[in-house]
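One structure below.
Residue numbers begin at 1 in each chain, while the letters A, B, ... track the order of the sequences.
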2 protein chains.
Amino acid sequence: MNPLFHELFQKSRYLTNEINLTLKKHNLYASQWTVLYCIQKHGEMSLTQIWKYLNVEAPTITRTVYRLVELGWVDIRPGKDRREKIVHLSEKASQDFQTIKDSIFEFENRMVAGLTKEEEAIFIELLRKIK
Amino acid sequence: MNPLFHELFQKSRYLTNEINLTLKKHNLYASQWTVLYCIQKHGEMSLTQIWKYLNVEAPTITRTVYRLVELGWVDIRPGKDRREKIVHLSEKASQDFQTIKDSIFEFENRMVAGLTKEEEAIFIELLRKIK
DNA sequence: AAAATATATTTAGCTAAGTAAATATATTTC
DNA sequence: GAAATATATTTACTTAGCTAAATATATTTT
């Protein structure tokens with residue numbers, strides 16, 4: 001395999017594992033946090049809005065959101081369109097949000113500490129050229 | 001989330017999906033191909049050699065290799081150390097290998113067509129700085 | 001040689017992605 | 001307004017990674 005792809009996949013796996021480790025103290029997994037973050041940013045969202053925004057398939061979001069409901073991080077209410085379900089952060093999630101966001105922020109900064117701001121920009125640019 | 005991480009995860013997912021699409025005509029999945037490629041390259045390998053080389057956990061390789069046995073891509077024989085299992089390509093896999101390798105090669109080149117060789121090198125270098 | 005430790009693999013169970021097809025409700029077309 | 005089509009969500013099942021703990025065989029220590 002082209003080393004570029006090999007390295008990219010390895011790093012992606014490494015980073016999700018490290019994020020999971022960081023989130024462990026908050027009893028969250030990476031994908032769960034991604035959904036929480038996305039909902040917090042947009043106020044409240046339907047399932048469809050979430051999966052379209054995150055660019056994953058619908059069943060993935062159904063599953064993750066229902067797990068988040070079970071764990072008490074989000075609540076679901078019906079929308080005006082009776083097909084759709086609107087997801088919003090629970091009281092608990094709203095309270096804990098900033099603390100969790102801070103640990104993730106700290107983690108992310110640690111991971112890119114070896115890159116200058118310019119290199120970060122170049123990296124993203126190159127990443128976008130792979131398609 | 002830092003856009004760098006967001007883009008990296010998205011691209012990683014996009015690429016595995018595209019590789020799966022490319023491999024579909026050969027009735028293979030990305031991770032199965034990765035294992036086949038690795039075995040072909042090294043002649044034959046024990047399970048431990050495979051997972052250490054690919055940098056994943058042992059149970060992941062156990063599962064993938066046994067699926068490959070079921071599908072007729074690899075065979076397993078005992079090693080001299082009676083704990084270990086040696087995996088090698090089947091007749092079928094050896095025959096089809098070059099064709100599959102060619103489609104993957106074609107796919108990879110298409111994906112990096114937007115980058116110069118120099119940019120590829122820079123990309124890998126930056127990727128390695130994230131840690 | 002027996003006990004302790006190490007290594008190779010497996011089992012069980014979790015998150016996380018995917019596809020294909022089913023179900024329920026809305027919207028559009030005839 | 002009924003039929004056809006579209007949209008939102010769910011269900012069932014697959015690959016693909018992970019951790020923790022079990023099992024079997026080797027190696028080292030005592």
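When the nucleotides dC18(D), dT19(C), dT9(C) are ranked by their closest atom to the side chain of N17(A), dC18(D) comes out on top. Comparing atom distances between the T62(A) side chain and each of dA8(D), dT10(D), dT15(C) picks out dT10(D) as nearest. Candidate nucleotides dT15(D), dG17(D), dT25(D) were compared by shortest atom distance to the side chain of R83(B), and dT25(D) ranks first. Relative to the side chain of Y66(B), the nucleotides dT9(C), dT10(D), dA8(D) differ in distance, and dT9(C) lies closest. Comparing atom distances between the N20(B) side chain and each of dA16(D), dT10(C), dT9(D) picks out dA16(D) as nearest. Across dT9(D), dC18(D), dT9(C), the shortest atom-to-atom separation from the side chain of V56(B) is found for dC18(D).
For N20(A) (side chain) and A30(A) (main-chain N/O), a donor-acceptor pair under 3.5 Å exists by modelled atom type. When atom types are taken as modelled, the side chain of N2(A) and the backbone of E108(B) share no donor-acceptor pair closer than 3.5 angstrom.
Contact check, K24(A) against dT19(D): no side-chain N or O comes under 4.0 Å of OP1 or OP2. Contact between the side-chain N/O atoms of T60(A) and the OP1/OP2 oxygens of dA16(C) is not found at any separation under 4.0 Å.
Ring centroid separation for the pair W33(B) and F97(B) comes in under the 6.0 Å cut-off.
A donor N or O paired with an acceptor N or O is not found under 3.5 Å between the base of dT25(C) and the side-chain atoms of R82(A). Between the side chain of R63(B) and the base of dG17(D), at least one donor-acceptor pair of N or O atoms lies under 3.5 Å.
Residues of residues 27-43 of chain A having a heavy atom closer than 4.0 Å to DNA chain C, listed by number: Y29(A), A30(A), S31(A), Q32(A).
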